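Report on the structure given below.
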Amino acid sequence: MSSLRSSGLLAILAKISHLLATQKRQGYIVGGFIRDRLLKRKTNDIDIAVSGDAVTTARKVAKEIGGTFVLLDDVNKVARVVVVEDEQPGKTARDQELRGIEWHFDFSSFAGDIKSDLARRDFTINAMAVELSQFVAAITATKMSSRKSAATPAGKRPPLKLIDPFSGREDLKEKVVRAVGEQIFEADAARLLRAVRLAAELNFTIESETESLIHHYSQTITEVPGERIREELLRLLSLPRATYYLRYLDKLGLLLALIPELAEGKGVEQPTVHFWDVFEHSLQTVAAVEFLLRESDWEYSNEDMLSTAPWSDEIDSHLSQEVSSGSNRRVLLKLGALFHDIAKPMTKSIDDTGRARFLGHAKQGAAITASILERLRFSNRETRLVESLVYHHLRPAQMANDELPTQRAIYRYFRDTGEAGIDILLIALADYLASRGPLASMEEWRKQCQLINYILAEHDKQQTKILPVKLIDGNDIMNTFDLAPGSLIGRLLAMVNEAHASGELGTREEALALVQRELSTVEKQHTGVSKKSRNPGAKTIPNAKVG
């Protein structure tokens with residue numbers, strides 16, 4: 001095994017080992033930490049199996065090493081201790097790199113011997129263990145020998161004995177995910193999804209018998225709490241080639257068990273502008289999103305397509321923003337792509353010309369999307385964002401009408417879509433690619449990209465114009481026209497901002513003149529008599545310019 005990244009971690013493990021020894025309890029490092037160290041992968045999660053009550057042990061460990069105790073599962077006696085590496089400045093660049101790193105020590109209980117505990121674990125590559133005190137001694141000896149001018153002979157170092165009853169190390173070499181036994185999916189159906197996620201993260205394959213077991217138990221995934229499904233799904237979607245694994249989930253029977261609403265799209269034909277049925281189009285849209293995000297190639301692209309598509313450091317930074325714990329905009333963009341046409345099957349109709357129509361599918365799809373995400377326990381913010389992606393995914397094309405959109409149309413688009421505006425533009429591009437597939441025209445693609453690039457550029461100009469300088473504010477309107485606070489003030493300000501962004505006015509006087517005209521119109525509508533403002537004592541704007 002490779003050396004530890006941090007001497008601080010070794011010191012923490014030594015303290016835990018000493019504490020267990022004083023309590024006459026056995027402790028073993030198990031599972032993912034052993035797997036990742038054998039693969040030389042970085043990890044901050046250390047699973048420790050202890051004899052006796054793991055929750056009590058974790059409380060004592062937290063107190064002893066100054067960590068934070070977190071109860072994960074009171075029924076199964078699982079607890080976590082969170083420790084932040086010493087944040088004091090170190091002497092070396094490596095010390096600086098490790099400052100503030102957060103370690104998670106997850107404690108679980110085992111009865112009998114450690115091999116019985118490993119038999120209850122999920123996959124062979126996670127069913128390995130090393131006795132904690134021996135691990136500490138072996139790594140300490142290795143570190144000490146590396147500091148000496150002459151290395152300590154290997155025979156004098158304490159051997160590191162790997163407990164591996166299910167040949168997990170061999171499966172690591174073969175890059176295989178293999179179930180410890182059939183009972184693992186009966187014990188915890190979340191392992192069905194975890195198998196695919198683990199294979200995706202490690203770039204492994206799932207062994208054929210395990211694959212058959214997953215297919216056999218696939219419907220039991222519905223018994224898993226939504227919170228756990230969300231976590232596994234987000235981790236899977238965060239990886240490149242997520243579309244490949246969505247197809248794999250479908251092959252195993254898991255995708256439609258998780259999201260049965262997608263099943264209706266299979267075989268639903270679309271107008272000739274679309275190359276695929278609704279279901280395949282949805283998966284291809286996810287693939288196109290990954291292509292636009294520079295995460296994966298798209299099999300129907302050419303070398304010029306990506307260079308034509310909009311991209312910048314600002315877009316990259318925007319998509320990297322965290323939305324909720326475990327999710328960012330990139331991941332949720334893929335979910336939006338998967339769900340954007342989910343209501344097409346139920347809204348399909350044939351018009352008098354024989355053409356298929358899907359009227360209202362964006363609005364109904366947004367409602368269905370919200371229901372799915374609520375079922376899977378996504379946060380309110382995540383749900384609102386993906387719902388907005390689905391609801392507005394047609395908007396970029398509609399605002400253009402074969403021409404470049406007006407300044408007012410661009411302003412209203414970002415006003416209505418809020419923080420999802422940029423994301424929706426990318427969904428629209430991916431939707432186009434997934435509609436045409438291998439028939440996509442480079443000429444038409446350039447037009448699509450020209451539209452999106454224009455919208456982004458004009459939005460930046462509008463933001464630069466409006467954000468630094470407000471022509472007027474609510475107090476200006478209330479004081480000038482003798483108005484009381486209320487919703488009318490907000491509507492008038494929104495009208496001024498829109499006209500400002502559209503280039504229809506550029507001075508305070510022009511803004512107040514616009515408000516005055518609007519108030520006169522409102523007064524006419526209410527009384528039928530033209531007045532300069534809603535209130536008799538309101539002021540007028542002499543010589544105001546009209547925008």
Side-chain angles (χ1 to χ4, degrees), residues 196-197 200-201 203 233-250 255 262 265 270 273-321 323 327-342 385-386 389-390 392-397 420-456:
V196 179
R197 188 262 300 166
E201 286 183 343
N203 197 25
L233 195 57
L234 285 175
R235 290 181 67 174
L236 188 63
L237 288 172
S238 69
L239 301 170
R241 299 177 66 235
T243 311
Y244 171 86
Y245 289 102
L246 287 174
R247 293 186 188 283
Y248 192 35
L249 289 177
D250 187 44
L255 182 62
L262 290 171
Q270 304 192 77
V273 70
H274 285 77
F275 189 78
W276 291 291
D277 70 8
V278 172
F279 181 79
E280 179 61 23
H281 166 72
S282 299
L283 290 177
Q284 289 289 347
T285 307
V286 181
V289 162
E290 293 190 289
F291 171 65
L292 295 174
L293 294 180
R294 279 65 177 168
E295 290 184 359
S296 303
D297 292 332
W298 188 55
E299 59 183 315
Y300 303 105
S301 67
N302 61 48
E303 60 184 18
D304 295 326
M305 274 188 169
L306 199 59
S307 61
T308 309
W311 193 252
S312 65
D313 290 342
E314 289 75 18
I315 293 175
D316 188 23
S317 177
H318 170 79
L319 295 172
S320 299
Q321 291 174 6
V323 177
S327 72
N328 60 21
R329 290 179 176 277
R330 294 174 185 273
V331 177
L332 298 180
L333 196 63
K334 297 179 190 181
L335 272 182
L338 182 64
F339 295 148
H340 79 285
D341 278 348
I342 201 164
L385 177 56
V386 182
L389 298 182
V390 175
H392 292 290
H393 77 271
L394 298 174
R395 184 81 176 267
I422 294 173
D423 315 59
I424 295 164
L425 295 176
L426 294 174
I427 287 279
L429 284 177
D431 193 13
Y432 167 78
L433 289 176
S435 296
R436 304 304 293 138
L439 304 181
S441 156
M442 193 62 203
E443 180 182 357
E444 183 61 29
W445 174 242
R446 287 194 181 96
K447 290 180 181 178
Q448 297 288 329
C449 292
Q450 179 188 21
L451 168 64
I452 302 305
N453 278 315
Y454 177 79
I455 292 172
L456 288 168

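What you are looking at is a predicted structure, and each value in this text was computed from that prediction instead of being measured. Just so you know, residue 1 is the first one in the sequence shown, and it goes up from there. All heavy atoms count here, side chains included; hydrogens, waters and symmetry mates do not.
One finds the CG atom of L239 at 10.0 Å from the CG atom of N203 (value rounded to the nearest 0.5 Å). Summarising the geometry, atom CG belonging to L236 is positioned 6.5 Å from atom CG belonging to L233; distances are rounded to the nearest 0.5 Å. In this structure, NE2 in H274 is found 12.5 Å from CG in L439, a value given to the nearest 0.5 Å. To the nearest 0.5 Å, atoms NE2 (H393) and CG (L425) are separated by 13.5 Å.
If you look at H281 and H340, their ring centroids are closer than 6.0 Å.
By the 30° and 60° cut-offs, the orientation of the rings of Y300 relative to W276 is tilted.
The main-chain N or O of V273 is found under 3.5 Å from a side-chain atom of R436 such that the two form a donor-acceptor pair. Side-chain N or O atoms of K334 include one that pairs as donor or acceptor with a backbone N or O of L237 at under 3.5 Å. No donor-acceptor distance shorter than 3.5 angstrom exists from the side chain of Q284 to the backbone of G437, with no hydrogens or angles considered.
Residues forming a salt bridge (charged side-chain N to carboxylate O under 4.0 Å, His left out) with R235 (at least two apart in sequence, or on another chain): E201. Every residue meeting the side chain to side chain contact (heavy atoms under 4.5 Å, CB included) condition with A430, not counting sequence neighbours, appears here in chain and number order: T285, A288, V289, L292.
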Please report, to 0.1 Å, the donor-acceptor pairs under 3.5 Å made by any side chain of residues 442-451, with sequence neighbours excluded.
unit_1	atom_1	unit_2	atom_2	d
E444	OE2	Q448	NE2	3.2
W445	NE1	M305	O	3.1

Set out, in order, the CA-CA distance, both residues' side-chain angles and the distance that settles side chain to side chain contact (heavy atoms under 4.5 Å, CB included) for S435 and F275, then state yes or no. CA-CA 6 Å; S435 296; F275 189 78; over 6 Å; no
Output, in order, the C-alpha distance, side-chain angles, deciding distance and verdict of side chain to side chain contact (heavy atoms under 4.5 Å, CB included) for W298 and L433. CA-CA 10 Å; W298 188 55; L433 289 176; 3.8 Å; yes
Should Q270 and D277 be marked as a side chain to side chain contact (heavy atoms under 4.5 Å, CB included) after you check the CA-CA gap, both sets of side-chain angles, and the distance that decides it? CA-CA 6 Å; Q270 304 192 77; D277 70 8; 5.7 Å; no
Given the rule in the side chain to side chain contact (heavy atoms under 4.5 Å, CB included) test, do D423 and L332 qualify, once you have shown the distances and angles that lead to the verdict? CA-CA 9 Å; D423 315 59; L332 298 180; over 6 Å; no
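For V390 against G336, the heavy-atom pair with the smallest separation is CG2-O, 4.1 Å. The shortest non-hydrogen separation linking L262 to F279 is O-CD1, 3.6 Å. The two residues H392 and I424 come nearest to each other via the heavy atoms O-CG2, 3.4 Å. Of all heavy-atom pairs between T308 and N453, the closest is O-ND2, 3.7 Å. Between P310 and L456, the shortest heavy-atom distance links the atoms CB-CD1, 4.0 Å.
Counting heavy atoms from C-beta on, the side chains of L385 and R329 come closer than 4.5 Å. Contact annotation: the side chain of N328 never approaches that of L319 to less than 4.5 Å [non-hydrogen atoms, C-beta and beyond]. R247 has its side chain out of reach of R241: every pair of non-hydrogen atoms, C-beta onward, lies at least 4.5 Å apart.
No more than 12 heavy atoms of other residues, nucleotides or ligands shown are found within 6.0 angstrom of CG on D297.
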